[in-house]
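Counting starts at 1 for both ligands and their atoms, following the listed order.
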Amino acid sequence: MATEHTLSIIKPDATRRNLTGRINAKFEAAGLRIVAQKRLRLTQAQAEAFYAVHRERPFFGGLVSFMTSGPVVAQVLEGEDAVAKNREIMGATDPKKADAGTIRAEFAEDIEANSVHGSDAADTAAQEISFFFAGIEITG
Ligand code: UDP
């Protein structure tokens, strides 16, 4: 297994409830290193572009308005098998189906306001990291 980078977003439901530190503690306890991090508020155009793959899905409009409803924390996580490891730590999209101890089981409000985003594959991770970060901002 190689050292990988993955893109994480702490979503507006979690920043609103001041959960950034508790979520970051879960990443660090699992051996992922936060090698870049910034808090920002997405515009509607940025949220639509980030989630363009879901444009035709019924939840797209709601997702964009949720993701622009407050600040997010965009992060690059580094570690062995980081993409898959982060997906494990996050838990299933629907918190009702997420395993105990995962971020979504513990913190998510519902299937939309589910506290975190994580890239689902190495190629999408590279695209999503470059959406938020310049190479110079990532320090291992
Ligand atoms: N989402 C939603 N309703 C759904 C499915 C997804 O609101 O029925 C939202 C949710 O915030 C999810 C995001 O859209 O995290 C992206 O969906 P995806 O299927 O890619 O799930 P993820 O990779 O985030 O687990």
A.B. asks: With nothing but distance in play, are any N or O atoms of Thr93 less than 3.5 Å from an N or O of ligand 1?
C.D. replies: yes

A.B. asks: For atom 9 (C) of ligand 1, find the nearest protein heavy atom and state the residue, atom name and distance (0.1 Å precision).
C.D. replies: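 Ranking protein heavy atoms by distance from atom 9 (C) of ligand 1, first comes Leu63 CD1, 3.8 Å.
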
A.B. asks: Hey, which of Arg17, Lys11, Arg104 is the one that makes salt bridge (charged side-chain N to carboxylate O under 4.0 Å, His left out) with Glu109?
C.D. replies: Arg17

A.B. asks: Considering heavy atoms of the protein only, find what lies nearest to atom 4 (C) of ligand 1 and give residue, atom and distance to 0.1 Å.
C.D. replies: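 Looking at atom 4 (C) of ligand 1, the protein heavy atom closest to it is Phe59 CD2, 3.4 Å.
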
A.B. asks: Output the distance between atom CD (Gln46) and atom OG1 (Thr68), rounded to the nearest 0.5 Å.
C.D. replies: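 Rounded to the nearest 0.5 Å, the CD-OG1 separation comes out at 10.5 Å.
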
A.B. asks: Could you give the distance from CG (Asp110) to OG (Ser115), rounded to the nearest 0.5 Å?
C.D. replies: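 It is 9.0 Å, given to the nearest 0.5 Å.
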
A.B. asks: Is the distance between the ring centroids of Phe131 and Phe50 under 6.0 Å?
C.D. replies: yes

A.B. asks: Between Lys38 and Phe133, is NZ or CZ placed under 6.0 angstrom from the six-membered ring centre and within 45° of the ring axis?
C.D. replies: yes

A.B. asks: So, does Met90 sit close enough to ligand 1 that a heavy atom of it is under 4.0 Å from the ligand?
C.D. replies: no

A.B. asks: With heavy-atom distances below 4.0 Å as the criterion, list the atoms of ligand 1 near Asn114.
C.D. replies: 10 (C), 11 (O), 12 (C), 15 (O)

A.B. asks: Could you tell me the separation between the CE atom of Met90 and the CG atom of Asn114, rounded to the nearest 0.5 Å?
C.D. replies: 7.0 Å

A.B. asks: Consider ligand 1: state whether an atom of it lies below 4.0 angstrom from any non-hydrogen atom of Arg87.
C.D. replies: yes

A.B. asks: Calculate, to the nearest 0.5 Å, the distance between atoms CZ and CD1 belonging to Arg22 and Ile10 respectively.
C.D. replies: 12.5 Å

A.B. asks: Can a non-hydrogen atom of Met67 be found less than 4.0 Å from any atom of ligand 1?
C.D. replies: no

A.B. asks: Is Ile111 close enough to touch ligand 1? Criterion: a residue heavy atom under 4.0 Å from a ligand atom.
C.D. replies: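 Contact check Ile111 vs ligand 1: positive.
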
A.B. asks: Considering His54, Glu112, Arg104 one by one, which has a heavy atom nearer to atom 11 (O) of ligand 1 than any of the others?
C.D. replies: Glu112

